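Data first, discussion second: the structure below is written as structure tokens.
All values reported here derive from a predicted model rather than from experimental measurement. Each ligand, and each atom within it, is numbered from 1 in the order the structure gives.
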Amino acid sequence: MEKIKVIFSRDQIQQKVKELGKRIADHYGDEEIILICNLKGAFIFLADLCRHITSPISVDFIATTSYKGTESTGDVRIIKDLKMDVRGKHILLVEDIVDTGYTVDYILKYLSLHKPKSLHVCTLLDKSCKREIELPIEYHGFEVGDHFVIGYGLDYNERYRELDYIGEFVQP
Ligand code: 5GP
């Protein structure tokens with residue numbers, strides 16, 4: 001059984017998600033937002049975040065792939081497309097973590113082809129020390145260093161998503 005060190009506790013995460021939800025609602029007010037969740041890693045964050053946004057919201061999902069094990073490959077592909085028509089709408093892309101930035105850069109370029117009214121990014125975790133592409137990120141929760149993190153939606157080979165905290169493996 002792997003040992004996991006807690007980086008952000010359940011309470012820290014819940015507090016941060018609440019703050020982010022309030023900032024988002026303060027910004028959009030009564031305007032409708034379409035929250036687009038990048039699967040699978042952001043599904044738990046989205047579920048908590050959307051319940052702290054008092055603005056009118058809709059939710060849609062997109063899925064991309066670029067990771068093999070613990071490494072980002074930079075070769076991003078969309079494996080599940082949007083269902084909603086987002087033209088002329090405010091879009092907020094909800095991400096679990098931005099690492100090199102290739103995934104969000106790719107999704108932003110793709111979403112902008114749909115001519116939204118506005119397009120912003122909300123990520124729970126920002127691994128900015130690993131960034132290879134400059135990105136506009138309006139909302140970010142926590143900064144993380146060069147660690148591979150798991151929990152609260154984030155996996156290692158599809159495991160550990162259900163943890164209510166964010167942690168990293170402790171080397172034996
Ligand atoms: P990027 O394209 O920015 O390098 O990587 C973004 C995607 O890689 C994220 O949506 C996430 O799925 C995955 N990722 C990046 N860093 C981590 C990490 O530390 N842990 C996990 N589980 N996934 C990560």
Side-chain angles (χ1 to χ4, degrees), residues 1-10 12-14 16-17 20-21 24 34-50 59-83 86 91-114 116 119-172:
M1 191 76 180
E2 293 88 351
K3 275 195 83 175
I4 301 169
K5 182 176 107 189
V6 177
I7 300 180
F8 301 111
S9 68
R10 178 183 187 282
Q12 285 174 302
I13 295 170
Q14 292 305 323
K16 188 64 82 177
V17 174
L20 287 170
I24 292 166
I34 302 184
L35 303 177
I36 296 183
C37 171
N38 184 22
L39 294 170
K40 300 177 192 172
F43 80 107
I44 293 183
F45 177 40
L46 171 88
D48 285 343
L49 182 69
C50 71
V59 170
D60 203 355
F61 298 89
I62 196 166
T64 54
T65 178
S66 76
Y67 246 66
K68 291 223 168 23
T70 62
E71 286 302 315
S72 181
T73 63
D75 176 21
V76 184
R77 280 183 304 127
I78 291 184
I79 52 175
K80 187 220 163 295
D81 206 344
L82 297 178
K83 208 163 173 191
V86 298
I91 296 182
L92 184 62
L93 175 64
V94 178
E95 262 288 6
D96 50 356
I97 186 164
V98 183
D99 184 337
T100 60
Y102 286 115
T103 304
V104 166
D105 182 61
Y106 185 91
I107 298 174
L108 288 178
K109 284 182 179 139
Y110 176 73
L111 292 175
S112 59
L113 298 175
H114 290 75
L119 180 54
H120 295 298
V121 180
C122 176
T123 185
L124 180 64
L125 302 174
D126 192 344
K127 219 188 256 188
S128 58
C129 61
K130 294 279 296 293
R131 197 77 91 255
E132 293 179 21
I133 299 186
E134 274 297 308
L135 285 176
I137 297 184
E138 286 73 20
Y139 305 96
H140 74 158
F142 301 105
E143 191 66 42
V144 279
D146 187 7
H147 315 281
F148 185 79
V149 295
I150 48 162
Y152 197 70
L154 290 135
D155 74 315
Y156 173 62
N157 287 341
E158 297 300 330
R159 295 255 343 263
Y160 307 103
R161 295 191 194 275
E162 74 284 9
L163 301 180
D164 60 4
Y165 60 89
I166 290 168
E168 65 172 325
F169 295 118
V170 177
Q171 299 305 329

Can you tell me if Arg131 contacts ligand 1 (heavy atom of the residue under 4.0 Å from the ligand)? no
If you measure every N or O of Asn38 against every N or O of ligand 1, does any of those distances drop under 3.5 Å? no
Ignoring angles and geometry beyond distance, decide whether Asp155 reaches within less than 3.5 Å of ligand 1 through its nitrogen or oxygen atoms. yes
Is the number of heavy atoms from other residues, nucleotides or ligands within 6.0 Å of NE2 (His140) greater than 12? no
Proximal candidate to atom 24 (C) of ligand 1 [heavy atom criterion; set Asp146, Ile97, Asn157, Asp75]: Ile97
Who pairs with His114 by ring-ring contact (aromatic ring centres under 6.0 Å, His included), at least two apart in sequence or on another chain? Tyr110
Residues in ring-ring contact (aromatic ring centres under 6.0 Å, His included) with Phe142, at least two apart? Phe8
Hey, is Arg131 close enough to Asp126 for a salt bridge, meaning N to O under 4.0 Å? yes
Would you mind listing which atoms of ligand 1 come within a distance below 4.0 Å of any non-hydrogen atom of His147? 19 (O)
Consider ligand 1: state whether an atom of it lies below 4.0 angstrom from any non-hydrogen atom of Tyr156. no
Quick test of your reading of the structure: of Asp96, Leu154, Thr103, whose heavy atom lies closest to atom 10 (O) of ligand 1? Asp96
How close do Ile7 and Gln12 get, heavy atom to heavy atom, and via which atoms? O-OE1, 3.9 Å
Below 4.0 angstrom from a heavy atom of Glu95, which ligand 1 atoms are there? Numbered from 1 as shown, please. 10 (O)
Indicate yes or no: does an N/O atom of Gly101 lie under 3.5 Å from an N/O atom of ligand 1? yes
Show the nearest heavy-atom pair for residues Cys129 and Val144, with the distance to one decimal. SG-O, 4.3 Å
Can we say Asp60 and Lys83 salt-bridge, meaning some charged N sits less than 4.0 Å from an Asp/Glu carboxylate O? no
Should Val149 be counted as touching ligand 1, given the test is an N or O pair under 3.5 Å? yes
Atoms of ligand 1 close to Lys127 [distance to a heavy atom under 4.0 angstrom, numbered from 1]: 16 (N), 17 (C), 18 (C), 19 (O)
Within a 6.0 Å radius of atom CD on Glu134, are there more than 12 heavy atoms belonging to other residues, nucleotides or ligands? no
